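These numbers were taken from a predicted model, which means no experiment stands behind them. Sequence positions, counted from 1, serve as the residue numbers for this chain.
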Amino acid sequence: MSTVTDVPTVRVSEFSELPADVVLAAARDFSDRRAQMWPDVHVEYLEVHEIGVDYAEVTEGNPWPIGYVWERLRYDWSNPHALRGTVINSNLFKRGSTWELWATPEDGGSRVEIRAIRHLQGRGWLLAPFFLPFIPGSAAQTVRDHLRHFLASIEAPGVGVGEAD
C-alpha cells in the first residue's frame, strides 16, 4: 500500500508472455522507440548522454499540467533480472530517487514489476496526493497503465525488441 510520506513508493506488476530477457532488452532500448514504448517519455525530451556495457545515462521528460518535467537518470542493468534508474538530477525528484523494472521467469513468460521510490522536491510535492492508492488517477494506476502500454508495445507481432538503430 502506498502512503504519502517524504518517500512515496509505487509497486505494480503484470504478467507477460515474453521471456524475461526479452522484456529487459526492450527496457534497455534508449533509441527513439523508447517514446513509443513509454507514454511518459517524449522523443523531443529524450537525450542519451552515455551508454556503457551495463549502464546508460539518460535525460527523459515530458510536458505535464504542472509544466515540463524531467529527470536525468543513471540506468544500471548489472543485475540480470532488473533495470534500475537512479535520479542524478530532476525538477521533481530528489537525487537518489529510483525507478526499477524487474522481470523474472513465470509460467512460460515473465512477471514484470515496477518498483519506484520517489523523493519529492520543489513542484514535485504537488504530486504527493497521487501516491495515495485510493485516489482516482493515482500514481500506482498511472504506472500500471504505463507498464501495460510498454508490454503491449513489445508483445505486438513483428515488433523488433531491444535492437539498436
Side-chain angles (χ1 to χ4, degrees), residues 2-14 23-103 112-133 135-154 161-162 164-165:
S2 299
T3 59
V4 174
T5 66
D6 63 338
V7 187
T9 302
V10 173
R11 190 172 184 163
V12 299
S13 73
E14 293 288 329
V23 172
L24 288 165
R28 294 188 302 260
D29 183 343
F30 294 101
S31 71
D32 288 354
R33 284 189 296 274
R34 191 164 190 79
Q36 297 165 357
M37 293 185 285
W38 296 101
D40 57 348
V41 175
H42 289 217
V43 72
E44 63 269 26
Y45 302 118
L46 176 64
E47 182 178 354
V48 178
H49 304 284
E50 183 178 357
I51 295 183
V53 174
D54 61 1
Y55 74 93
E57 194 168 302
V58 179
T59 298
E60 298 171 332
N62 62 69
W64 278 14
I66 63 170
Y68 169 64
V69 299
W70 61 273
E71 57 186 344
R72 184 167 178 160
L73 301 123
R74 179 166 178 99
Y75 284 100
D76 178 307
W77 54 87
S78 57
N79 179 326
H81 302 290
L83 171 71
R84 179 185 177 106
T86 303
V87 172
I88 296 170
N89 197 6
S90 171
N91 63 342
L92 296 183
F93 306 113
K94 291 181 183 177
R95 183 179 183 93
S97 295
T98 58
W99 177 96
E100 301 175 347
L101 184 140
W102 289 77
V112 182
E113 181 177 14
I114 291 179
R115 305 171 189 170
I117 300 173
R118 307 308 242 160
H119 303 268
L120 303 173
Q121 68 178 7
R123 287 182 301 143
W125 281 106
L126 295 172
L127 303 176
F130 295 100
F131 284 92
L132 294 169
I135 299 294
S138 71
Q141 185 58 53
T142 299
V143 171
R144 181 177 309 284
D145 291 346
H146 288 188
L147 177 56
R148 287 178 179 153
H149 179 94
F150 166 71
L151 293 172
S153 73
I154 64 173
V161 176
D165 279 337

For residues Gln36 and Ser153, determine if any side-chain heavy atom of one lies less than 4.5 Å from a side-chain heavy atom of the other. no
Just how far is it from atom CG of Leu92 to atom NE2 of His119, taken to the nearest 0.5 Å? 14.5 Å
Looking at side-chain heavy atoms only, is the closest gap between Leu73 and Val58 below 4.5 Å? no
Go through the structure and list residues passing ring-ring contact (aromatic ring centres under 6.0 Å, His included) with Trp102, not counting sequence neighbours. none
Please report the interatomic distance CG(Asp76) to CD(Glu100), rounded to the nearest 0.5 Å. 10.0 Å
With sequence neighbours left out, the residues meeting salt bridge (charged side-chain N to carboxylate O under 4.0 Å, His left out) with Arg144 are Glu14
Please tell me if the side chains of Asn62 and Val41 come closer than 4.5 Å, counting only heavy atoms from C-beta onward. no
Val112 and Leu147, any side-chain heavy atoms less than 4.5 Å apart: yes
With sequence neighbours left out, the residues meeting salt bridge (charged side-chain N to carboxylate O under 4.0 Å, His left out) with Glu113 are Arg11, Arg115
Would you call the rings of Tyr45 and Tyr68 parallel, tilted or perpendicular if under 30° counts as parallel and over 60° as perpendicular? tilted
Going by side-chain hydrogen bond (donor to acceptor under 3.5 Å, both in side chains), name the pairs with one or both residues in residues 52-61, residues two or more places apart or in two chains. Arg34-Glu60, His49-Thr59, Glu50-Tyr55, Glu57-Arg72, Glu60-Tyr75
I'd like to know if the side chain of Trp77 and the backbone of Val53 have a donor-acceptor N/O pair within less than 3.5 Å. yes
Any heavy-atom pair between the side chains of Val23 and Leu101 that's under 4.5 Å? yes
Could you check whether any side-chain heavy atom of Val12 comes within less than 4.5 Å of a side-chain heavy atom of Gln141, counting everything from C-beta outward? no
Set of side chain to side chain donor-acceptor pair (under 3.5 Å) partners for Arg74, sequence neighbours left out: none
Could you tell me which residues satisfy salt bridge (charged side-chain N to carboxylate O under 4.0 Å, His left out) with Arg28, sequence neighbours excluded, listed by chain and number? none
